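What you are looking at is a predicted structure, and each value in this text was computed from that prediction instead of being measured.
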Amino acid sequence: MKLADLEIKTFVNSDFGENLYVLRLKESAECVIVDPGMEPEKAIDYINSANLVPRAILITHGHYDHIGGLNRVKAEWPNAEILIGELERWKMAQPEGNLSVHFGAQLRTVDADRSLADGETFTAAGIEFTALHSPGHASGHMVYKISAEDGTVVFVGDVIFAGSIGRTDFPDGDTQALLDSIKKNILTLPDDTLLLTGHGPSTRVGRERAVNPWL
């Protein structure tokens, strides 16, 4: 597979500016959803209008702004498999853990279909992913790497942003753990690696290595 074979659509949720991604192999009717956010309706409309079938819903971490629309998406496609890091899964049923309680909500989502361990590989919609445990912003945070013949794409959630890093002032946040995760799982990748972030614009490893003040 080459990067040109991938089609990736981004849908920005107005609350918190969270990025919901829908990706597929071009010409394929199967797709993958990454972080359904709080407002999945535009993505749902796109998927239905394009006659696509989601095969997996990948969750980078269990914070409210990333899983708020999960129940809606799972109801639309009950056969789509929800995958989340094994250390993050508990937050789906705990409003305190997913932080929804701080916004006057009591979010409890449907449970994941499968938990992922660090380094685990899996295939969804014909695309092979590697899940990498990247704690710091959230203790069970996963990033999802796609290795193509001609490059690499990583869905990094809230680990790193263009010119910044994820916040670490939540109950299970840890700044040093986050910096260690970035050093281990991000900065070891080639400079042209595309980083698709949980908020804000995409970026590349080389750019962050050169200009990110946290690094």
Side-chain angles (χ1 to χ4, degrees), residues 7-24 31-47 54 56-77 80 82-85 88-89 91-110 112 129 131-132 134-146 153-173 178 181-182 186 194-203 208 212 214:
E7 179 185 86
I8 302 174
K9 299 285 188 180
T10 307
F11 300 87
V12 182
N13 291 268
S14 59
D15 286 340
F16 302 101
E18 186 266 350
N19 294 324
L20 183 166
Y21 296 100
V22 177
L23 67 151
R24 63 166 175 156
C31 67
V32 175
I33 298 169
V34 180
D35 284 348
M38 298 174 66
E39 301 168 353
E41 287 75 22
K42 289 182 180 179
I44 291 172
D45 289 345
Y46 160 72
I47 292 169
I57 304 165
L58 309 185
I59 308 296
T60 60
H61 63 294
H63 287 164
Y64 184 37
D65 56 328
H66 288 255
I67 65 171
L70 181 58
N71 289 338
R72 173 76 176 87
V73 172
K74 184 66 169 178
E76 186 79 14
W77 297 288
I82 300 171
L83 294 89
I84 193 170
E88 197 73 357
R89 187 171 182 171
K91 293 179 181 176
M92 303 174 79
Q94 295 290 337
E96 295 82 5
N98 62 46
L99 307 180
S100 62
V101 69
H102 299 292
F103 299 94
Q106 293 284 329
L107 177 67
R108 293 178 175 84
T109 74
V110 293
F129 298 84
L132 299 172
S134 305
H137 174 72
S139 58
H141 197 299
M142 286 286 188
V143 303
Y144 297 105
K145 181 175 70 171
I146 301 172
V153 177
V154 188
F155 294 89
V156 296
D158 290 1
V159 168
I160 189 170
F161 304 118
S164 188
I165 61 173
R167 59 188 293 182
T168 58
D169 56 339
F170 296 130
D172 61 341
L178 182 61
S181 293
I182 294 170
I186 305 300
L194 178 63
L195 304 178
L196 296 173
T197 61
H199 303 264
S202 63
T203 186
E208 298 314 305
N212 192 314
W214 289 92

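- A pairwise comparison of heavy atoms in Ile67 and His61 identifies CG2-O, 3.8 Å as the closest pair.
- Tested against Glu39, the residues Ile44, Leu20, Asp15 include a single side chain to side chain contact (heavy atoms under 4.5 Å, CB included) partner, Asp15.
- Atom SG of Cys31 sits about 12.0 Å away from atom NZ of Lys9, to the nearest 0.5 Å.
- Interatomic distance, CZ of Phe16 versus NE2 of His199, reported as 8.5 Å (0.5 Å rounding).
- Side-chain contact, Asn19 with Thr10: no donor N or O sits under 3.5 Å from an acceptor N or O.
- Below 30°, between 30° and 60°, or above 60°: for Tyr46 and Phe11 the angle between ring planes is between 30° and 60°, a tilted geometry.
- Note that the OG atom of Ser134 and the NZ atom of Lys145 stand 10.5 Å from one another [nearest 0.5 Å].
- In this structure, the side chains of Met92 and Asn98 stay at 4.5 Å or more apart for every pair of heavy atoms.
- In this structure, Tyr144 has its ring center no closer than 6.0 Å to that of Tyr21.
- Listed for the Ser100 side chain is a donor-acceptor partner under 3.5 Å among the backbone atoms of Leu107.
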Could you go through the side chain to side chain contact (heavy atoms under 4.5 Å, CB included) check for Ile146 and Phe155 one step at a time? CA-CA 9 Å; Ile146 301 172; Phe155 294 89; 3.9 Å; yes

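- Using modelled atom types, one side-chain atom of Asp35 and one backbone atom of Thr60 make a donor-acceptor pair closer than 3.5 Å.
- In this structure, the side chain of Arg89 engages the main chain of Ala112 through a donor-acceptor pair within 3.5 Å.
- Using a 4.5 Å heavy-atom cutoff, the side chains of Met142 and Leu83 are not in contact.
- In this structure, the side chains of Ile59 and Glu88 stay at 4.5 Å or more apart for every pair of heavy atoms.
- The side-chain contact (heavy atoms from CB on, under 4.5 Å) check on Phe170 picks up His63, Leu99, His137, Arg167, Asp172, with sequence neighbours excluded.
- To the nearest 0.5 Å, atoms CG (Leu23) and CG (Leu58) are separated by 7.5 Å.
- In this structure a side-chain-to-backbone donor-acceptor pair under 3.5 Å is present from Ser181 to Pro135.
- The two atoms that bring Ser202 and Ala162 nearest to each other are O-CB, 4.5 Å, heavy atoms only.
- Proximity of a side-chain donor or acceptor of Asn13 to a complementary backbone N or O of Glu18 within less than 3.5 Å is detected.
- Residues meeting the salt bridge (charged side-chain N to carboxylate O under 4.0 Å, His left out) test with Glu7, sequence neighbours left out: Arg24.
- When all heavy atoms of Val110 and Asn71 are compared, the pair lying nearest together is N-OD1, 2.8 Å.
- When all heavy atoms of Gly163 and Glu208 are compared, the pair lying nearest together is N-OE1, 2.8 Å.
- Partners of Glu41 by salt bridge (charged side-chain N to carboxylate O under 4.0 Å, His left out), not counting sequence neighbours: none found.
- Considering Ile84, Val32, Ile82 in turn, Ile82 is the only one that fulfils the side chain to side chain contact (heavy atoms under 4.5 Å, CB included) rule with Ile57.
- Put simply, the side chain of Leu178 reaches to within 4.5 Å of the side chain of Val159, judged on heavy atoms.
- Here the closest non-hydrogen pair linking Ser139 and Lys91 is N-NZ, 4.1 Å.
- Across Ala43 and Val22, no two heavy atoms sit closer than the pair CB-CG2, 4.2 Å.
- Residues Ile33 and Ile47 form a side-chain contact, since some pair of their non-hydrogen atoms from C-beta on lies under 4.5 Å apart.
- In this structure, Asp158 and His66 have side chains that are in contact, with non-hydrogen atoms separated by less than 4.5 Å.
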